[in-house]
Amino acid sequence: MNTIPAPEEVTLHTESGVATLTFNRPQARNAMTWAMYQQLSEHCQRFKHEPTVRAVVFRGAGGQAFVAGTDIEQFTTFKTADDGVAYEAQIEACIDLLCALPMPTVALIEGWAVGGGLAIATACDFRLATPGSQLGVPIAKTLGNCLSVANVARLCAAFGPQRVKRMLMLAEMIGADEALACGYLHQIAEPGDIDAATSALVQRLTALAPVTQQVSKQVLHRLVLHNAPEAEDLIRQAYGSEDFREGVSAFVAKRKPLWKGR
């Protein structure tokens, strides 16, 4: 039996040496499916060997969200902690490919950048956002799972540990003004101006020395990963918990989860 290929929901447009990848699932605020993560990984693999691409811009379709996390429906098939370990390894491999791209990368954020979407944006070298954008990882309110240690290390490097605690432990969202003030965002631009602002930044980046840019970003990447020890035991603790199963069940049933602490 022939299988139906997954729809192309991470779309590519290239012009004048600038590649734009669009997360194109606006009906779900561009929430990522397994197929979308795979498509993102495949694009990044190709960019590594494409010398004509001088910069990559990542954005979400629809103007309401960059990426609103991983589609929680994807978690309904999880049975054991092994599923969580495999998932976090898959996401980390995808994010690591993005971090390893030799050319500058820019995240254009309009609206929500949540969970896996915030991890993607944080893996980029520069980020611009519209004034109403909201950034966070509210898993303490929604799923009861966790992030990989490498993704937490990237968030800490970009936001600072105390803001990351607020995101992870208090399920707080960080607004664009605060994100700009702490250095996470390069610029805030109105919805009608953000495309031009992104283009101006890309033009500045592509006019400078590519090897210096490549080496500099990889030095910073290695410094972040130096502070990312192995933590599979913690991933197993979260994904193997009753609370995680309750979080998924509550989301599917559209009710508030009842946390038990086990």
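Because the structure is predicted, anything quoted here is derived from the model rather than measured.
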Participant: Show your reasoning for whether side chain to side chain contact (heavy atoms under 4.5 Å, CB included) applies to Leu147 and Leu155.
Facilitator: CA-CA 10 Å; Leu147 300 182; Leu155 289 174; 3.7 Å; yes

Participant: Determine whether Leu118 and Met167 satisfy the following criterion, side chain to side chain contact (heavy atoms under 4.5 Å, CB included), listing intermediate values before the conclusion.
Facilitator: CA-CA 11 Å; Leu118 187 64; Met167 286 191 274; 3.8 Å; yes

Participant: Measure the CD-CD distance between Gln45 and Glu50 for me, rounded to the nearest 0.5 Å.
Facilitator: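 So the CD of Gln45 and the CD of Glu50 are separated by 14.0 Å.
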
Participant: Could you check whether any side-chain N or O of Asn145 sits under 3.5 Å from a backbone N or O of Ile139, counting only pairs where one atom can act as donor and the other as acceptor?
Facilitator: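 Judged by distance alone, no pair lies under 3.5 Å.
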
Participant: To check you understand the geometry: which heavy-atom pair defines the closest contact between Val202 and Ala55, and what is its length?
Facilitator: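 Closest heavy-atom pair between Val202 and Ala55: CG1-CB, 4.0 Å.
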
Participant: How would you list, by chain and number, every residue that makes a salt bridge (charged side-chain N to carboxylate O under 4.0 Å, His left out) with Arg262, sequence neighbours excluded?
Facilitator: Glu242

Participant: Please report the closest heavy-atom contact between Arg127 and Cys124, naming both atoms and the distance.
Facilitator: NH1-O, 2.8 Å

Participant: For Glu110 and Thr130, indicate whether the former's side chain and the latter's backbone hold a donor-acceptor pair under 3.5 Å.
Facilitator: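 Flag not set: sc Glu110 to bb Thr130 has no pair under 3.5 Å.
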
Participant: Give a yes or no answer on whether the side chain of His43 reaches the backbone of Leu21 with a donor-acceptor pair at less than 3.5 Å.
Facilitator: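 Pair absent, no side-chain N/O of His43 close to backbone of Leu21.
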
Participant: Hey, could you give me the CZ/OH distance between Phe159 and Tyr184, rounded to the nearest 0.5 Å?
Facilitator: 4.5 Å

Participant: Please tell me whether Phe23 and Val106 are part of a single hydrophobic cluster in this structure, the criterion being side-chain heavy atoms less than 4.5 Å apart.
Facilitator: no

Participant: Atom CD1 in Ile174, atom OG in Ser133: separation rounded to 0.5 Å?
Facilitator: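 If we round to the nearest 0.5 Å, Ile174:CD1 and Ser133:OG are 13.0 Å apart.
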
Participant: Are there more than 12 heavy atoms of other residues, nucleotides or ligands under 6.0 Å from atom CZ of Arg222?
Facilitator: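 Counting neighbours around CZ of Arg222, 12 or fewer heavy atoms of other residues, nucleotides or ligands fall under 6.0 Å, so no.
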
Participant: Kindly compute the distance separating CH2 (Trp259) from OG (Ser241), expressed to the nearest 0.5 Å.
Facilitator: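 So the gap between those two atoms works out to 8.0 Å.
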
Participant: I'd like to know if Val56 and Val215 are part of one continuous hydrophobic network [Ile/Leu/Val/Met/Phe/Trp/Tyr, side-chain heavy atoms within less than 4.5 Å].
Facilitator: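 In one cluster: no.
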
Participant: Determine whether Arg54 and Val18 make a side-chain contact, defined as any pair of heavy atoms from C-beta on separated by less than 4.5 Å.
Facilitator: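 No. Closest side-chain heavy atoms not under 4.5 Å.
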
Participant: How about Val114 and Pro138: do any of their side-chain heavy atoms sit closer than 4.5 Å?
Facilitator: yes

Participant: Taking the side chain from Glu230 and the backbone from Glu232, do they hold a donor-acceptor pair closer than 3.5 Å?
Facilitator: yes

Participant: Side chain of Ser216, backbone of Gln213: donor and acceptor closer than 3.5 Å?
Facilitator: no

Participant: Are the side chain of Arg154 and the backbone N or O of Thr122 linked by a donor-acceptor pair below 3.5 Å?
Facilitator: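 No, Arg154 side chain to Thr122 backbone: no donor-acceptor pair under 3.5 Å.
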
Participant: Would you find more than 12 non-hydrogen atoms of other residues, nucleotides or ligands less than 6.0 Å from Gln64 atom CD?
Facilitator: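 Counting neighbours around CD of Gln64, 12 or fewer heavy atoms of other residues, nucleotides or ligands fall under 6.0 Å, so no.
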
Participant: Let me see the working for Tyr37 and Val10 under side chain to side chain contact (heavy atoms under 4.5 Å, CB included), right down to the final yes or no.
Facilitator: CA-CA 9 Å; Tyr37 280 117; Val10 181; over 6 Å; no

Participant: In this structure, are over 12 heavy atoms from other groups packed under 6.0 Å from Arg29 atom CZ?
Facilitator: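 Result for CZ/Arg29: open.
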
Participant: Measure the CD-NZ distance between Glu172 and Lys165 for me, rounded to the nearest 0.5 Å.
Facilitator: 13.5 Å

Participant: Please say yes or no: joined through hydrophobic side-chain contacts below 4.5 Å, possibly via intermediate residues, are Ile235 and Leu225 part of one cluster?
Facilitator: no

Participant: Can you tell me how far the CZ atom of Arg204 sits from the CG atom of Leu208, to the nearest 0.5 Å?
Facilitator: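 Reported value, rounded in 0.5 Å steps: 8.0 Å.
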
Participant: Using a distance-only test with no angle check, is there a side-chain donor-acceptor pair under 3.5 angstrom linking Glu88 and Tyr239?
Facilitator: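 A donor-acceptor contact under 3.5 Å links the two side chains.
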
Participant: Hey, are the side chains of Thr105 and Phe47 touching, using non-hydrogen atoms and a 4.5 Å cut-off?
Facilitator: no

Participant: Check Asn24 against Thr11 and note the closest heavy-atom contact, atom names and distance.
Facilitator: ND2-CG2, 4.2 Å

Participant: Do you know the tightest heavy-atom contact between Ile95 and Ala123?
Facilitator: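 It is CG2-CB, 3.8 Å.
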
Participant: Test your reading of the model: is there a side-chain donor-acceptor pair from Gln214 to the backbone of Ala209, 3.5 Å cut-off?
Facilitator: no

Participant: Report yes if the side chains of Met32 and Ile120 come closer than 4.5 Å at any heavy-atom pair, otherwise no.
Facilitator: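 A side-chain contact exists here, since the closest heavy-atom pair is under 4.5 Å.
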
Participant: In chain order, what residues pass the salt bridge (charged side-chain N to carboxylate O under 4.0 Å, His left out) check against Asp82, with sequence neighbours excluded?
Facilitator: Arg236

Participant: Are the side chain of Lys217 and the backbone of Leu101 linked by a donor-acceptor contact shorter than 3.5 Å?
Facilitator: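 Yes: the side chain of Lys217 pairs with the backbone of Leu101.
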
Participant: Is Leu135 close to Ile109 at the side-chain level, that is, under 4.5 Å between some pair of heavy atoms?
Facilitator: yes

Participant: Are the side chain of Asp96 and the backbone of Glu92 linked by a donor-acceptor contact shorter than 3.5 Å?
Facilitator: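 Such a contact is absent between Asp96 side chain and Glu92 backbone.
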
Participant: Would Tyr87 and Val248 show up in the same hydrophobic cluster when neighbours are defined by side-chain heavy atoms closer than 4.5 Å?
Facilitator: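 Yes, Tyr87 and Val248 fall within the same hydrophobic cluster.
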
Participant: Just so I know, are the side chains of Val224 and Leu220 near enough to count as touching, which here means a heavy-atom distance under 4.5 Å?
Facilitator: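 Val224 vs Leu220: side chains apart.
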
Participant: With a 4.5 Å heavy-atom cut-off, do Thr52 and Thr14 have their side chains touching?
Facilitator: no

Participant: Which of parallel (below 30°), tilted (30 to 60°) and perpendicular (above 60°) describes His186 and Phe126?
Facilitator: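 Perpendicular.
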
Participant: Hey, does Leu108 have a side-chain heavy atom less than 4.5 Å from the side chain of Asp195?
Facilitator: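 A side-chain contact exists here, since the closest heavy-atom pair is under 4.5 Å.
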
Participant: What are the two closest non-hydrogen atoms of Ala140 and Leu168, and how far apart are they?
Facilitator: CB-O, 3.3 Å

Participant: Is there a path from Leu12 to Leu97 through hydrophobic residues (I, L, V, M, F, W, Y) whose side chains come within less than 4.5 Å of each other?
Facilitator: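 They do not share one cluster, since no chain of ILVMFWY contacts under 4.5 Å joins Leu12 to Leu97.
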
Participant: Relative to the ring of Phe78, is the ring of Phe75 parallel (under 30°), tilted (30 to 60°) or perpendicular (over 60°)?
Facilitator: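 Rings of Phe75 and Phe78: perpendicular, over 60°.
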
Participant: For Glu246 and Arg255, which heavy atoms make the closest approach, and how far apart are they?
Facilitator: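 That would be OE2-NH1, 2.6 Å.
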
